[in-house]
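Numbers restart at 1 for each chain; the letters A, B, ... are given by sequence-line order, proteins then strands.
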Amino acid sequence: MATFIPVSPLYRLDRTLSCGQAFRWRWEDGTATGIFAGRPVKLKQERRGIRVEGLQEQARLTALQHYLAVDEPLEIIEDRLRRDRILRRILPHTTGIALMRQDPWECLVSFVISAFNNIPKIELTLERLCRRFGGFPSPGALAGARARDLRSCFLGYRAPYLSEVARRISAGEFILSEPADAPYKEARRLLLTLPGVGHKVADCVLLFAYGKGEAFPVDVWVKRAVERWYLGGRPATEKRIREVARARFGSLAGYAQQHLYYYIRKQGSAETRKRGKTERETTQ
DNA sequence: ACCCAGGTGAGGG
DNA sequence: CCCTCACCTGGG
């Protein structure tokens with residue numbers, strides 16, 4: 001039995017789930033498959049809204065609705081983004097992205113794993129973790145896990161970071177709800193005290209889980225995008241990139257980041273396909 | 001056999 | 001702050 005979640009007109013489930021915020025949704029022929037509130041769920045965007053399979057209770061549906069951020073005022077947000085002449089050109093290709101409201105713990109774990117890693121392996125590692133612990137591991141489960149068990153999840157050198165983060169949280173040395181109540185700068189400072197959490201990971205968690213819209217995670221792709229489109233192709237430090245973002249986008253920096261990221265990656269993969277094709281043609 | 005990948009931490013200006 | 005370097009490991 002399926003139910004429907006109504007969505008704001010611009011909302012695009014495909015783009016929201018595949019713009020690098022969450023790693024545990026699989027996309028096949030227009031349907032997203034994943035786990036929500038511990039249950040297998042299928043999502044498909046149709047005319048009436050998002051068709052949900054696998055959830056019955058109203059409370060869980062409401063939570064899913066909140067998680068997917070289907071109520072974000074995207075018309076207003078995108079109107080404001082279009083005041084920027086670069087984003088005005090990009091938005092036709094990226095419209096409909098919403099910033100999700102993920103669980104801070106799960107988001108934190110995901111992005112600690114993401115450091116110096118690639119997306120397929122991040123997904124693989126998260127899958128392994130969930131399989132080994134029978135669902136997404138709690139801080140206590142991860143803190144108590146043996147090194148050997150963590151190693152078998154392909155965590156590599158990140159394993160000790162994750163153990164220590166989990167230990168601090170389960171010991172009450174780090175309170176996950178504190179960044180939520182703090183303003184951006186203070187929340188960021190708190191997250192940066194955790195091992196394996198640098199500027200980029202902190203900003204991802206602040207943006208994707210704590211709703212701090214001014215966060216602007218600078219990864220290699222976003223760095224490349226800002227250098228190419230805002231700094232005349234000249235290389236810049238991370239600090240400079242963040243200054244540009246704050247000055248131009250302010251409290252919408254996070255949304256700007258999502259559109260830049262999504263677009264440059266989409267473009268990048270198109271170029272790779274093209275290059276691959278011509279290489280095949282020339283080597284034949 | 002190599003090379004790369006959504007950074008971070010340590011060490012030294 | 002800025003710079004440099006090493007880094008688990010699966011998949012090209």
Side-chain angles (χ1 to χ4, degrees), chain A residues 15-25 94 97 99-100 102 106-129 131-132 145-166 168 185 188-209 215-228 234-246 253-254 256-269 271-273 275-277 279-280 283:
Chain A
R15 288 178 178 166
T16 296
L17 289 184
S18 55
C19 60
Q21 303 185 61
F23 294 102
R24 295 178 59 219
W25 292 98
T94 63
I97 295 172
L99 283 169
M100 296 163 65
Q102 299 185 53
E106 191 170 326
C107 190
L108 180 59
V109 170
S110 302
F111 282 95
V112 167
I113 292 171
S114 79
F116 191 48
N117 211 338
N118 57 58
I119 291 172
K121 195 154 83 84
I122 298 165
E123 292 171 348
L124 179 65
T125 298
L126 286 166
E127 241 168 58
R128 283 288 183 117
L129 271 177
R131 185 168 298 273
R132 177 150 307 267
R146 291 189 318 231
R148 215 181 56 225
D149 289 329
L150 293 182
R151 244 203 327 278
S152 69
C153 299
F154 311 125
L155 284 164
Y157 65 90
R158 306 167 193 84
Y161 295 156
L162 227 45
S163 296
E164 175 61 8
V165 168
R168 285 195 205 174
K185 271 192 77 174
R188 190 170 194 263
R189 192 193 62 74
L190 287 170
L191 286 172
L192 288 175
T193 63
L194 295 171
V197 178
H199 294 170
K200 195 277 183 173
V201 170
D203 276 331
C204 284
V205 179
L206 289 166
L207 190 58
F208 304 145
F216 190 83
V218 179
D219 59 48
V220 285
W221 294 97
V222 168
K223 184 169 183 292
R224 217 170 282 167
V226 171
E227 287 168 348
R228 185 180 300 173
R234 281 179 293 278
T237 63
E238 180 227 329
K239 184 170 174 286
R240 178 89 186 93
I241 305 272
R242 295 230 317 279
E243 284 166 1
V244 169
R246 185 169 45 79
Q257 192 267 8
Q258 286 296 283
H259 289 280
L260 292 171
Y261 176 83
Y262 187 86
Y263 186 62
I264 198 164
R265 290 223 61 169
K266 201 161 77 160
Q267 199 177 255
S269 53
E271 275 166 21
T272 305
R273 277 195 301 279
R275 195 167 37 246
K277 194 181 164 204
E279 269 167 21
R280 271 197 304 281
T283 46

Looking at side-chain heavy atoms only, is the closest gap between A/Lys266 and A/Arg15 below 4.5 Å? yes

Counting side-chain heavy atoms from CB outward, which of C/dC2, C/dC8, B/dT8 is closest to A/Lys239? C/dC2

Which whole number of Å gives the distance between the P atom of C/dC8 and that of B/dG11? 15 Å

CZ of A/Arg240 versus P of C/dC2: gap in Å, rounded? 12 Å

Comparing nearest nucleotides in DNA chain B, the 5'-proximal residue of the pair A/Gly196, A/Pro217 is A/Pro217

Round to a whole Å and report the spacing from CD1 of A/Ile119 to C1' of B/dC4. 13 Å

Counting the atoms with a prime plus P, OP1 and OP2 as sugar-phosphate, which does A/Gly156 contact under 4.0 Å by heavy atoms, base, sugar-phosphate, or nothing? base

Scan A/Phe111 against the nucleic acid and name what it touches under 4.0 Å (heavy atoms): base, sugar-phosphate only, or nothing. nothing

Determine which nucleotide pairs with B/dG13, using a 3.5 Å limit on both distances of a Watson-Crick or G-U wobble pair. C/dC1

If we call it a pair only when both distances are under 3.5 Å in a Watson-Crick or G-U wobble match, what pairs with B/dG6? none

Within this structure, what is the NE2-to-P distance between A/His199 and C/dC2, rounded to whole angstrom? 10 Å

A/Arg158 side chain, from C-beta outward: closest of B/dG6, C/dC8, C/dC3: C/dC8

Determine whether the aromatic ring centres of residues A/Phe111 and A/Phe23 are separated by less than 6.0 angstrom. yes

Nearest whole angstrom, please: distance from the P of C/dG12 to the NZ of A/Lys121. 13 Å

P atom, C/dT4 versus B/dG6: distance in rounded Å? 22 Å

Do we see A/Phe116 stacking on the base of C/dC7, given a limit of 5.5 Å between centres and 30° between planes? yes

State whether the side chain of A/Gln102 and the backbone N or O of A/Gln21 hold a donor-acceptor pair below 3.5 Å, judged by distance alone. yes

Hey, does A/Ile113 reach any base, or is it just sugar-phosphate, or nothing, if we go heavy atoms under 4.0 Å? nothing

Check: A/Asn117 side chain, A/Ile113 main-chain N or O, donor-acceptor pair, under 3.5 Å: yes

Rounding to an integer number of Å, can you tell me how far A/Leu155 CG sits from B/dG7 P? 17 Å

Hey, does A/Pro195 reach any base, or is it just sugar-phosphate, or nothing, if we go heavy atoms under 4.0 Å? sugar-phosphate

Of B/dG7, B/dG9, C/dT9, the nucleotide closest to the side chain of A/Ala115 is B/dG7

What's the gap between B/dT8 and C/dG11 when it is taken at their P atoms, as a whole Å value? 24 Å

Within this structure, what is the CD-to-P distance between A/Glu238 and C/dC2, rounded to whole angstrom? 9 Å

Do the charged groups of A/Arg240 and A/Glu243 touch, with an N to O distance under 4.0 Å? yes

Quick one: do A/Val112 and A/Leu194 satisfy side chain to side chain contact (heavy atoms under 4.5 Å, CB included)? Show the steps, please. CA-CA 10 Å; A/Val112 167; A/Leu194 295 171; over 6 Å; no

A/Trp221 side-chain proximity, nearest of B/dG6, C/dC3, C/dC8: B/dG6

Report the residues that fulfil ring-ring contact (aromatic ring centres under 6.0 Å, His included) with A/Tyr263, sequence neighbours left out, ordered by chain and then residue number. A/His93, A/Trp229

Sugar-phosphate, base or nothing in reach of A/Tyr157, heavy atoms under 4.0 Å: base

Could you state the OH-P distance from A/Tyr261 to B/dA5, rounded to the nearest angstrom? 12 Å

Using the P atom as the reference point in each nucleotide, state the distance between B/dC3 and C/dC7 in Å, no decimals. 15 Å

Any side-chain N or O of A/Arg151 less than 4.0 Å from the OP1 or OP2 oxygen of C/dC8? no

Show each protein N/O and nucleotides 11-13 of chain B N/O combination with a separation under 3.5 Å, one pair to a line.
none

CG of A/Leu108 versus C1' of B/dT8: gap in Å, rounded? 14 Å

Taking the side chain as C-beta and beyond, is there a heavy-atom pair between A/Arg132 and A/Leu150 under 4.5 Å? no

Hey, does A/Arg242 have a side-chain heavy atom less than 4.5 Å from the side chain of A/Val218? yes

For A/Val222, answer base if it contacts any base atom (sugar-phosphate contacts may also be present), sugar-phosphate if it contacts only those atoms, and nothing otherwise; contact means non-hydrogen atoms under 4.0 Å. nothing

